[in-house]
Amino acid sequence: MATNLSTPPLSPYLSSHNHHHHCPLRLPANNKRCTISSKRAPAPPSAVAGEQHSPSLAEQLKPLSTTTLSDQPNEAQLLSKPKSTWVNPTKSKPSVLSLQRHKRSSPYSHNPQIKDLRNFAKKLNDCEESAFSDVIEKIPHPPTRENALLLLNSLRPWQKTLIFFDWVKAQNAFPMETIFYNVTMKSLRFGRQFQHIEALALEMVEKGIPLDNITYSTIITCAKRCNLFDKAVEWFETMYKTGLMPDEVTYSAVLDVYAKLGKVEEVMSLYERGRASGWKPDEIAFAVLAKMFGEAGDYDGIKYVLQEMKSLGIQPNLVVYNSLLEALGKAGKPGLARSLFEEMVESGVSPNEKTLTALIKIYGKARWARDALQLWERMRLNGWPVDFILYNTLLSMCADLGLVEEAEALFEDMRGSEKCRPDSWSYTAMLNIYGSGGNVDKAMVLFREMSEGGVQLNVMGCTCLIQCLGRAKRVDDLVSVFGIAVESGVRPDDRLCGCLLSVVSYCEGEDASKVLACLERANVALAAFVRVISGEESPSFDVVKEELKRILSSTAVEARRPFCNCLIDICRNRGRHERAHELLYLGTLYGLYPGLHTKTEEEWRLNVRSLSVGAAQTALEEWMGTLARIVQRRESLPALFSANTGSGNHKFSQGLGGAFASHVEKLAAPFTESEGKPGLFTATREDLVSWLQSRAPPSAATTAFTN
DNA sequence: ATCGGTGATG
């Protein structure tokens, strides 16, 4: 068996007895990433739609589905764990149902009573819910099948639909059919009433009313919207048990369920199973796949989607393009996103707001200022649609690229507009721009404007503002902003704590105490730890280790390294160098600094790009201590040593390189910054060894921990 | 007007 699926609870649809015929995928069991071979088995000869001489598949399969359902399975039977093979394995391979959309011409079009009923529906929708039951009785025409359907279709909200449906059932004027349940469920789904939908589905089972693809896909998508993914999968399995084949809609709905659960392997297996049984995936299925691979950052997966569409002769539509562009951005391929966008426009598909939002975001993250600004220009020239999310994304892009004037112009545009008024996102983007550019006064003007205009400050805006006030050493303003923010409902998160912590690290005396008091309101344990490591009493290494571990494990992953960096800075700035070395060691131990040291035959490198100034200095000292011992022991060394601080692509990035350079200078270490490679400091073995030998033997601080 | 897919921050 070629399948190699690591997660057992697969839908039975995924594990047919003849699965091994169609598995061009190689799915590493221990790897979430899905490796996709570039060749897939050719689609099997179509046993499906398009063959005019044979009966339609729906007809072929009808006996199977109706007999299974008319056996009136009870609830326990229906919901029991399905078997892992097809209901009837001796039958030839089951095929996908082809979709037959219902014609536009509605069954009501020849109904002469339609006008009356429309008015009546409006009356029902407008009346108080308490009066609803009484109003129903005034129905102008008898509730025939068609009349009832028309009304059921136009009722809202779900409470009324449900009451009306019960009323129709009570009239006993005609037998209830599947469509009545489907229409009612649609209204319930609109109100996210999964419990009610499930109850209706069970009622259908009980009464022997067949559930069809429309019923199942409505149930499944409702569960999905209610985030009840297990329920969605469960009902898909139930569908399998009855022997009903999924149609295109059900396929894409279920693929989306698995995709949203992050079950890439299941999605691909189901996709392959569907393909093997004659399903021709459409744009919607490909949009689902593209999004899934984007979420996984899986570029091979994205290529697979493009290739599949090509081989099936399907042109991407707008939504597919949007999903693919987004996915390419998440997979870190801005250049490919750009060329796909050009291809899209050339093929005659006009971008919408979502397309442009995706691209602007990609260009901003890639720091492609020229492309971003050109696209913005093109948007205006072509009259491409703009909405407030796109506006806010443009502002964030300006923040990423340091385009202050452009952002100000945009923000003014928004102020003057009717439908794109600046909201808390817009203000946050501006606070980010002024905050990272150090323009405290403008940031504070915005802050006051927000409270006057009733725009709520959010946690990110608060973080930007506090960062800015901290750098400007306006500690009293910082304390006041923090207080106002918390009182107005901002709940400090780990990033805000990291920001406060960094302000603590470069403040002294009274200022540091004030900021630490803010931090204490947000994170008691962290503030206490700061007091411990910088206070008079000197706790043991083991105590520090345990407490740091406790704090870091309850901290969001993206804030852990910043925490550790700041804590190291705090120690250094308060003359606790040994403790700084301990913290760097612990940070390395807990995996916060992967790839700090890289070694090749020719060169050993210290990578400090993601370290704070103090942490980088500590790491350099630690490394020099280690090398000194290696020299003492006369072990072999490579010809070249280097330390990389990175150059900081961001316009506002503070100069780690500069601080590192002055530290190197202070130590008189023989590192020099490379020509043309800012942030890369190199030293030859000869220079470094003679410098190390000229120094006093390594101190206790630098010998405490070795790598 | 009985079923499915796309966008936002440090």
Side-chain angles (χ1 to χ4, degrees), chain A residues 99 101-102 104 106-109 118 121 149-156 177-187 189 212-222 224 246-257 259-260 281-292 294 316-327 329 351-362 364-365 387-397 399-400 423-429 431-433 435-436 458-467 493-496 498-499 558-559 562:
Chain A
L99 184 63
R101 285 277 180 192
H102 307 275
R104 261 277 177 205
S106 71
Y108 323 122
S109 54
R118 286 231 167 96
L149 260 185
L150 187 148
L151 287 169
L152 209 50
N153 255 315
S154 33
L155 285 183
R156 198 162 291 204
E177 300 163 33
T178 305
I179 185 171
F180 287 87
Y181 285 87
N182 291 349
V183 173
T184 307
M185 283 184 184
K186 188 183 170 188
S187 174
R189 188 185 59 179
D212 61 11
N213 261 289
I214 299 174
T215 322
Y216 283 112
S217 57
T218 307
I219 298 170
I220 288 165
T221 53
C222 179
K224 193 168 74 180
D247 67 7
E248 287 92 328
V249 173
T250 311
Y251 260 119
S252 52
V254 175
L255 286 178
D256 196 36
V257 168
K260 293 219 154 75
D282 57 12
E283 291 90 342
I284 296 181
F286 286 121
V288 168
L289 292 188
K291 179 167 180 165
M292 173 185 76
N317 65 11
L318 178 59
V319 178
V320 174
Y321 271 121
N322 288 351
S323 307
L324 284 167
L325 289 169
E326 183 88 6
N352 67 4
E353 297 90 334
K354 293 183 168 102
T355 323
L356 299 165
T357 300
L359 269 184
I360 288 291
K361 205 171 86 185
I362 289 169
K365 293 277 166 253
D387 65 7
F388 71 102
I389 294 183
L390 179 50
Y391 258 113
N392 286 341
T393 306
L394 283 162
L395 284 178
S396 303
M397 177 273 290
D400 284 335
D423 63 0
S424 83
W425 284 80
S426 330
Y427 275 98
T428 303
L431 288 173
N432 188 11
I433 290 169
S436 33
N458 62 27
V459 64
M460 179 180 165
C462 179
T463 306
C464 295
L465 201 48
I466 281 182
Q467 180 184 34
D493 61 6
D494 290 338
R495 294 202 197 193
L496 177 49
C499 175
E558 76 270 13

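Every chain is numbered from 1, with letters handed out A, B, ... down the list of sequences. Worth knowing before you read on, the calculation uses all heavy atoms, side chains too, and leaves out hydrogens, waters and symmetry mates.
Counting atom types as modelled, A:Arg156 pairs no side-chain N or O with a base atom of B:dA1 as donor and acceptor under 3.5 Å. Judged by atom type and distance alone, A:Asn352 does not reach the base of B:dG7 through any side-chain donor-acceptor pair under 3.5 Å. The base of B:dC3 sits with one of its N or O atoms less than 3.5 Å from a complementary donor or acceptor on the side chain of A:Ser217. Between the side chain of A:Asn213 and the base of B:dG4, no donor-acceptor pair of N or O atoms lies under 3.5 Å. You won't find any donor-acceptor pair under 3.5 Å spanning the side chain of A:Asp247 and the base of B:dG4, going by distance alone. Counting distance only, with no hydrogens placed and no angle test, the side-chain atoms of A:Asp387 and the base atoms of B:dG7 include a donor-acceptor pair under 3.5 Å.
Checking B:dG7, B:dA1, B:dG4 against every side-chain atom of A:Arg118, the shortest atom distance belongs to B:dA1. Proximity note for A:Lys354 (side chain, C-beta onward) versus B:dG4, B:dG7, B:dA8: the nearest is B:dG7. When the nucleotides B:dG10, B:dC3, B:dA1 are ranked by their closest atom to the side chain of A:Asn153, B:dA1 comes out on top. Distances from the side chain of A:Ile284 to the nucleotides B:dG5, B:dT6, B:dA1 place B:dG5 closest. Looking at the side chain of A:Arg495, the nearest of the listed nucleotides B:dG10, B:dC3, B:dG5 is B:dG10. For A:Ala287, the side-chain atoms get nearest to B:dG5 when compared with the rest of B:dG4, B:dG5, B:dA8. The A:Lys224 side chain lies nearest to B:dG5 when the options are B:dA8, B:dG5, B:dG10.
B:dG10 and B:dT6 have their P atoms separated by 23 Å, with the value rounded to a whole Å. As rounded to the nearest Å, B:dC3 and B:dG7 have C1' atoms that lie 25 Å from one another. The separation of B:dA8 from B:dG4, taken at their C1' atoms, amounts to 24 Å, rounded to a whole angstrom.
Rounded to an integer number of Å, the gap from A:Met185 CE to B:dC3 P is 13 Å. At whole-Å resolution of the value, CG in A:Asp282 and C1' in B:dG5 are 9 Å apart. Rounding to whole angstrom units, CG of residue A:Leu325 and P of B:dT6 are separated by 15 Å. Look at CZ on A:Phe388: it is 9 Å from C1' on B:dA8, rounded to the nearest Å. Summarising the geometry, the separation between CD1 on A:Ile362 and P on B:dT6 is reported as 17 Å, rounded to the nearest angstrom. A straight line from CD of A:Glu353 to P of B:dG7 spans 13 Å, rounded to a whole angstrom. Atom CD1 in A:Ile179 sits about 13 Å away from atom P in B:dA1, given to the nearest Å. Atom CG in A:Asp400 sits about 12 Å away from atom C1' in B:dA8, given to the nearest Å.
Residue A:Asp493 is in base contact, counting any heavy-atom pair closer than 4.0 Å across all strands shown. Among the heavy atoms of the strands, none lies under 4.0 Å from A:Val254. Backbone-only contact: A:Ser323 has heavy atoms under 4.0 Å from sugar-phosphate atoms and none from a base. Among the protein residues, A:Tyr321 comes within range of no part of the nucleic acid, since none of its heavy atoms lies under 4.0 Å from any strand. Within 4.0 Å of A:Ile220, counting heavy atoms only, lies no atom of the nucleic acid at all. Looking at heavy-atom distances under 4.0 Å, A:Thr393 makes no contact with the nucleic acid at all. Using a 4.0 Å heavy-atom criterion, one finds that A:Thr218 contacts the sugar-phosphate atoms exclusively. Counting any heavy atom pair closer than 4.0 Å across all strands shown, A:Glu283 reaches a base atom.
Under the 4.5 Å side-chain criterion, counting only non-hydrogen atoms from C-beta, A:Val254 is not in contact with A:Pro246. With contacts defined as side-chain heavy-atom distances shorter than 4.5 Å, the pair A:Asn213/A:Val249 does not qualify. Side-chain contact between A:Leu394 and A:Met397: present, with at least one pair of heavy atoms (C-beta onward) separated by less than 4.5 Å.
Side-chain atoms of A:Asn322 never come within 3.5 Å of backbone atoms of A:Lys354 as a donor-acceptor pair (strictly under, hydrogens ignored).
Between the side chains of A:Thr178 and A:Asp212, not a single donor N or O lies within less than 3.5 Å of an accepting N or O.
Distance check: A:Tyr181 OH to A:Thr215 OG1 gives 10.5 Å after rounding to the nearest 0.5 Å.
For the side chain to side chain donor-acceptor pair (under 3.5 Å) with A:Arg189, the lone residue among A:Thr184, A:Thr218, A:Thr221 that qualifies is A:Thr221.
Taking every heavy atom of both residues into account, A:Gly364 and A:Asp400 meet most closely at O-CB, 3.7 Å.
Distances shown here put a side-chain N or O of A:Lys361 below 4.0 Å from the OP1 or OP2 atom of B:dA8. At the phosphate of B:dA8, neither OP1 nor OP2 sits under 4.0 Å from any side-chain N or O atom of A:Lys365. Taking 4.0 angstrom as the limit, A:Lys260 places a side-chain polar atom (N or O) nearer than this to OP1 or OP2 of B:dT6. Close to B:dG5, at under 4.0 Å from its OP1 or OP2, lies no side-chain N or O of A:Lys291.
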